[in-house]
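Here is the naming used below: chain letters follow the sequence lines, and residue numbers restart at 1 for every chain.
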Amino acid sequence: MKLLETAGKKADSAEVYEVKGNSIPVKFSSGELESVKHVETTGAALRVIDGGKLGFSTTTDPENLTEVVDHALETANFGEEADFEFPGQIDLEEVNTFDREIAELEANDLIKQGEEVIERLHQFDSDLEVNLDLSKSVSQTSLASSNGLEVDGDRTKLSLSLEIKKVGNEDIFTFHESSVGQKLDQFDVEKPTERAIQKLKWAERETRLESGSYPVILTPRGTLVLLVPLLAGFNGKHVFQGTSPMEGSLGEKAFAEELTISDYGSMKGSPTRRSFDDEGTPIEKVDLISRGEVKNFLYDLQTASRAGKEPTGNGLKGGLLGGSDFRSAPGISPTTLTIASGEKKFGEMISDIDRGLVVDQVLGLGQGNVLSGEFSNNVSVAYKVEDGAITGKVKDTMIAGNVYKLLKQNLELGKEAEWVGGGLFAPALRLDDVNVVRKS
Amino acid sequence: MLKKLKEGLRASKGEFTEIRIEKERRNEVKYEGEKLKNIDSSEEIGGIVRTLVQGGWGIATFNSIDELSKKAKKAYRIGKEVASSMDERIELAEVQPQKEEVISEQKKDVREIPLEEKRDVVKDYNRTMLDHDGRIESTRAVYSDSFRELTYLNSEGTELYQEVPDVTLALVAIARGEKNNIQTAHDTIGEASGFELVLDRDEMAEEVASGAVSLLSAEPVDGGQYTVLLNPELAGVFIHEAFGHLCEADHFYKNDRLQDIMTLGRQFGPENLNVVDEGFIEGRRGNLPFDDEGVRRKKTYLIKDGKLNSFLHSRETAKKMGQEPTGNARAISYRHEPIVRMTNTYIEGGDKTFEELISSIDHGIFAKDAYGGQTQLEQFTFSAGHGRIIENGEIGPMVRDVVLTGNIFKSLENITGIGDDLDIIGSAGGCGKGGQMPLPVTDGAPHIRIEDVTIGGR
């Protein structure tokens with residue numbers, strides 16, 4: 001790698017992240033094929049440590065070495081103090097993240113798949129507006145440092161994203177479904193289609209739940225309402241800075257006994273499985289909460305070093321729901337989050353409730369004071385439960401609470417866990433006493 | 001460069017072909033707490049070819065801008081495949097071909113300011129926030145600039161070169177009281193201007209820090225229904241979420257049922273409500289005279305005298321609905337095709353003074369500043385930085401965690417007061433849609449009073 005060689009000579013040490021990728025996104029709007037795109041990406045990110053300071057620059061032209069090296073050195077000149085070193089070579093578990101079957105898919109295969117999904121949904125209800133994006137991507141990522149690190153990964157990904165609209169008389173019901181696979185056999189269009197149809201059936205009737213405090217079941221996707229603020233608190237940087245309520249909570253039973261949450265990006269079966277993060281730290285299982293006890297936080301190299309902790313393999317270019325992008329410097333982010341399942345089937349969880357709510361999707365996720373654990377969201381996909389059965393959708397309804405308080409109280413976890421996007425594997429979760437406000 | 005692009009255009013046999021090449025130079029300086037967190041100085045080049053072949057879009061995006069003819073041929077080949085699977089041909093509304101060079105002039109050109117000077121400015125504001133009060137636990141101060149050069153050519157003869165400067169400053173202060181009482185306040189500014197924008201902003205830094213400290217003693221708002229007074233920033237987010245998105249024609253150009261709801265002339269708000277999307281206001285973020293299809297941007301009244309007046313269009317949606325293109329096709333970068341987006345969206349000023357608006361509220365919330373918002377078309381949400389309780393026309397104590405929601409069919413008609421103090425606000429964030437985020441937009445409004453707004457709470 002010429003870039004690393006050149007940068008390594010000019011700076012004390014250097015690290016090069018390089019990506020070459022191509023993807024084919026196919027887009028259907030209102031059930032009709034709209035466009036097919038071929039996306040070619042070439043990019044490199046250079047980090048240097050020079051005089052104890054960190055410099056960063058990216059380029060889309062890795063052949064043009066002078067500029068990117070000069071920029072990185074310029075930023076290092078008065079840059080961030082580097083309290084860590086770029087790692088040397090690491091031993092990695094052999095993890096196959098490439099699938100030939102996905103790599104060989106062509107636009108026509110994607111078009112056919114998209115048409116099938118749309119047809120199934122239209123068989124259920126010809127009136128639905130279905131917007132669908134289906135994309136396959138193949139990328140080669142390599143990471144090397146002047147300290148001897150040299151790792152690479154060929155990765156494939158197939159993803160489906162559905163936006164479904166059902167329009168009635170002054171009533172617009174919109175929701176999302178998705179599926180992600182690294183291997184073709186992981187990629188499942190059945191489940192999101194079935195879930196979509198189930199949601200539409202439950203939403204056929206509109207009902208209302210008066211303001212008050214109720215039990216709320218969050219579907220696997222609905223758990224994001226809690227996870228977004230919670231993860232801000234388990235970000236090692238926030239803990240170190242003193243802006244997380246979890247500061248000083250290691251080893252404490254801060255949550256209900258039923259709650260176990262891990263981050264496990266190299267987990268077998270993860271649709272975004274990977275064996276090392278974007279800084280060359282091996283990815284292993286990190287327990288965040290185990291049976292209610294706070295076990296660990298997420299760290300990248302810099303924060304781990306400053307806080308005197310071990311890096312956890314969470315130095316990533318991208319966020320919880322966002323993809324990887326060579327343009328951003330690595331920061332702390334989960335890889336594959338898992339919430340441990342419980343014993344109850346979803347149907348039993350519903351039948352236990354006399355009066356309550358099932359929440360699947362909300363508006364304004366993360367828009368608020370996430371650090372303190374507060375959430376307050378308008379539900380966009382939610383259903384009323386009455387006498388042990390779902391009786392219809394609700395709207396103009398808000399739920400609010402504090403995750404640190406709610407997850408300490410009575411909890412119940414569902415038996416059936418599901419993939420939400422490619423980065424979360426969770427069951428349904430029941431909370432007691434969530435405040436609901438309904439327009440009167 | 002022009003020659004290469006023209007060769008590329010000629011290589012495609014589609015009925016319409018466009019090439020957009022983007023060159024970007026950008027810098028970012030970020031402080032977190034006591035520490036400088038990141039300095040980035042980077043460049044990027046890339047392009048997109050989009051071609052319409054027998055009514056189907058073939059698109060190719062790339063970083064290497066060599067061999068444009070090959071890329072155009074590839075887009076053509078893809079387009080042909082698309083066409084074979086299509087029932088209905090996509091067509092584009094006719095527009096006048098445009099030829100123009102738009103050169104940006106800035107007082108203090110960001111390209112000439114040394115990185116160190118940019119670092120020093122952020123460092124000072126960060127220090128100001130940290131030193132403000134012992135309860136400031138951490139901070140975030142982010143400066144960013146970019147200078148983009150966009151070249152756009154299409155097969156109809158449009159040839160455009162546009163320079164787009166962009167400068168933003170975002171300040172965040174995090175204050176901590178007892179264990180779980182962690183409060184955040186922020187403020188951001190952004191403009192298509194030079195470095196001068198971020199100079200002399202000490203007051204902004206002080207206000208952000210004192211805002212976070214004040215929130216420590218604020219109570220969470222009680223959930224319920226309130227009469228609210230929105231400040232211009234929050235009212236701007238309100239109109240963007242409550243109505244702007246619904247006017248984007250790509251949400252309904254193929255949906256007859258939605259078109260039945262969105263009939264032109266339908267009364268959505270009071271007679272004195274006027275809502276505008278103004279395509280080009282010089283100096284505003286993301287503003288340039290032409291959109292990413294080479295169409296001249298214009299001023300569009302979404303609501304006039306309370307009635308739905310017009311939609312926002314790309315050439316494709318305009319043709320399909322038999323209307324005029326409005327110059328609202330925008331892409332966040334060369335990696336994306338343009339889709340229908342807002343630009344500068346605002347509620348026009350009315351006739352009420354701030355005192356008149358507030359004095360008639362017996363019990364309500366004065367909600368200020370914005371964390372953000374989201375819409376699902378019918379229902380929407382927008383969250384305030386903080387609020388103040390209003391009792392008998394007087395402003396009372398501060399409340400926090402104020403998240404407001406509304407319903408498109410009711411919220412606009414519940415507007416009972418429009419201030420005379422229109423303010424259009426450029427911020428550092430942006431709008432997200434269809435996987436394209438953040439797109440620089442501005443929102444604006446005067447102070448607005450709305451009845452029966454639902455606020456969530458514990």
Please look at Gln183(B) and chain A and tell me whether the side chain, the backbone, both or neither of the residue comes under 4.5 angstrom of a heavy atom of that chain. both
Measure Asp127(A) against the heavy atoms of chain B and call it side chain, backbone, both or neither at under 4.5 Å. side chain
Measure Asp452(B) against the heavy atoms of chain A and call it side chain, backbone, both or neither at under 4.5 Å. both
Counting heavy-atom pairs closer than 4.5 Å to chain A, which one of Ile182(B), Val453(B), Val49(B) comes out on top? Ile182(B)
If you count heavy-atom pairs within less than 4.5 Å of chain A, which of Ser85(B), Gly223(B), Gly434(B), Gly33(B) leads? Ser85(B)
Minimum heavy-atom distance Met398(A)-Thr405(B), with the two atoms named: SD-CG2, 3.1 Å
Which value, rounded to the nearest 0.5 Å, describes the distance between Leu215(B) atom CG and Asn369(A) atom CG? 8.0 Å
Identify which of Val36(A), Leu33(A), Asp433(A) forms the greatest number of heavy-atom pairs closer than 4.5 Å to chain B. Val36(A)
Under 4.5 Å from any heavy atom of chain A, what part of His386(B) do you find: side chain, backbone, both or neither? neither
If we define contacts as heavy-atom pairs under 4.5 Å, which of Leu115(B), Thr184(B), Ile261(B) has the most with chain A? Leu115(B)
Under 4.5 Å from a heavy atom of chain A, the part of Lys410(B) involved: side chain
Side chains of Lys37(A) and His336(B): does their closest heavy-atom pair fall under 4.5 Å? yes
Under a 4.5 Å heavy-atom cutoff, which of Glu74(A), Arg327(A), Lys395(A) has the most pairs with chain B? Arg327(A)
Part of Glu247(A) within contact of chain B (heavy atom distance under 4.5 Å): both
Quick check on Lys254(B) against chain A: is it the side chain, the backbone, both or neither that has a heavy atom closer than 4.5 Å? both
Applying a heavy-atom distance below 4.5 Å, give me the residues of residues 19-29 of chain A that approach chain B, sorted by number. Lys27(A), Ser29(A)
Cut-off 4.5 Å, heavy atoms of chain A, and the answer for Arg77(B) is neither
Measure distances from Glu116(B) to the heavy atoms of chain A and classify the residue's part below 4.5 Å as side chain, backbone, both or neither. both
Okay, Asn378(A) and chain B: the region with an atom under 4.5 Å from a heavy atom over there is both
Side chain, backbone, both or neither: which part of Glu374(A) has a heavy atom under 4.5 Å from chain B? side chain
From the options Glu137(B), Arg140(B), Arg176(B), select the one residue that forms a side-chain contact (heavy atoms from CB on, under 4.5 Å) with Thr243(A). Glu137(B)
Identify which part of Leu363(A) has an atom lying under 4.5 Å from any heavy atom of chain B, answering side chain, backbone, both or neither. both
For Ser383(B), is it the side chain, the backbone, both or neither that has a heavy atom under 4.5 Å from a heavy atom of chain A? side chain
For a 4.5 angstrom cut-off between non-hydrogen side-chain atoms, does Ile39(B) reach Phe78(A)? yes
What part of Tyr226(B) lies closer than 4.5 angstrom to a heavy atom of chain A: side chain, backbone, both or neither? neither
Do you know which of Glu81(B), Arg25(B), Arg26(B) has the most heavy-atom pairs under 4.5 Å to chain A? Arg25(B)
Side chain, backbone, both or neither: which part of Ser213(A) has a heavy atom under 4.5 Å from chain B? neither
Give, as side chain, backbone, both or neither, the part of Val167(A) having an atom under 4.5 angstrom from any heavy atom of chain B. both
Flag side-chain contact, heavy atom, 4.5 Å: His251(B) against Thr174(A): no
How far apart are the closest heavy atoms of Ser380(A) and Gln376(B), and which atoms are they? CB-CG, 4.2 Å
What is the distance from atom NZ of Lys439(A) to atom CG of Asn407(B), rounded to the nearest 0.5 Å? 7.0 Å
What part of Val436(A) lies closer than 4.5 angstrom to a heavy atom of chain B: side chain, backbone, both or neither? neither
Sort out for me which of Arg119(B), Arg50(B), Glu88(B) touches chain A most, counting heavy-atom pairs under 4.5 Å. Arg119(B)
The interface call for Glu337(B) against chain A, heavy-atom contacts under 4.5 Å, is both
Inter-residue atom distance Ser35(A).OG - Ile59(B).CD1, 0.5 Å rounding: 4.0 Å
Where is the tightest heavy-atom contact between Gln374(B) and Leu365(A), given as atom of each residue plus distance? OE1-N, 4.1 Å
Side chain, backbone, both or neither: which part of Arg335(B) has a heavy atom under 4.5 Å from chain A? both
Decide, yes or no, whether a salt bridge links Glu40(A) with Lys74(B) under the criterion of side-chain N to carboxylate O below 4.0 Å. yes
Close side-chain approach of Asn63(B) and Thr41(A), heavy atoms under 4.5 Å: yes
Under a 4.5 Å heavy-atom cut-off, does chain A meet the side chain of Phe409(B), its backbone, both or neither? side chain
Of the listed residues (Ser41(B), Gly456(B), Gly435(B)), which shares the most heavy-atom pairs with chain A below a 4.5 Å separation? Ser41(B)
Exceeds 12 heavy-atom contacts within 6.0 angstrom, atom CD of Glu170(A): yes
Measure the CD-CG distance between Glu44(B) and Asp61(A) for me, rounded to the nearest 0.5 Å. 11.5 Å
Minimal non-hydrogen separation, Asn180(B) against Pro245(A), with atom names: OD1-CB, 3.1 Å
Closer than 4.0 angstrom, basic N to acidic O: yes or no for Glu378(B) and Lys393(A)? no
What verdict does the side chain to side chain contact (heavy atoms under 4.5 Å, CB included) test give for Ile172(A) and Phe252(B), after you've listed the backbone C-alpha separation in whole Å, the side-chain angles of each residue and the deciding distance to 0.1 Å? CA-CA 12 Å; Ile172(A) 308 169; Phe252(B) 52 81; over 6 Å; no
Counting only heavy atoms closer than 4.5 Å, note whether Thr375(B) contacts chain A via side chain, backbone, both or neither. backbone
Using a cut-off of under 4.5 Å on heavy-atom pairs, state which of Gln302(A), Glu81(A), Met246(A), Lys237(A) scores highest against chain B. Lys237(A)
Looking only at heavy atoms, the pair that brings Val379(A) and Gln379(B) closest together is O-OE1, 3.6 Å
Between Ile455(B) and chain A, with a heavy-atom cut-off of 4.5 Å, which part of the residue counts as in contact: side chain, backbone, both or neither? backbone
Distance from Gln225(B) atom CD to Ser211(A) atom OG, nearest 0.5 Å? 8.0 Å
Chain B heavy atoms under 4.5 Å from Glu67(A): which part of the residue, side chain, backbone, both or neither? side chain
For the atom pair CE (Met86(B)) and CD (Glu32(A)), what is the distance rounded to the nearest 0.5 Å? 7.0 Å
If one checks every heavy atom of Arg306(A) against chain B at 4.5 Å, the contacting part turns out to be side chain
Is Tyr404(A) in contact with chain B via its backbone, its side chain, both, or neither, using a 4.5 Å heavy-atom distance? side chain
Is any side-chain heavy atom of Glu34(A) closer than 4.5 Å to one of Ile90(B)? yes
Honestly, the part of Lys53(A) sitting under 4.5 Å from a heavy atom of chain B is neither
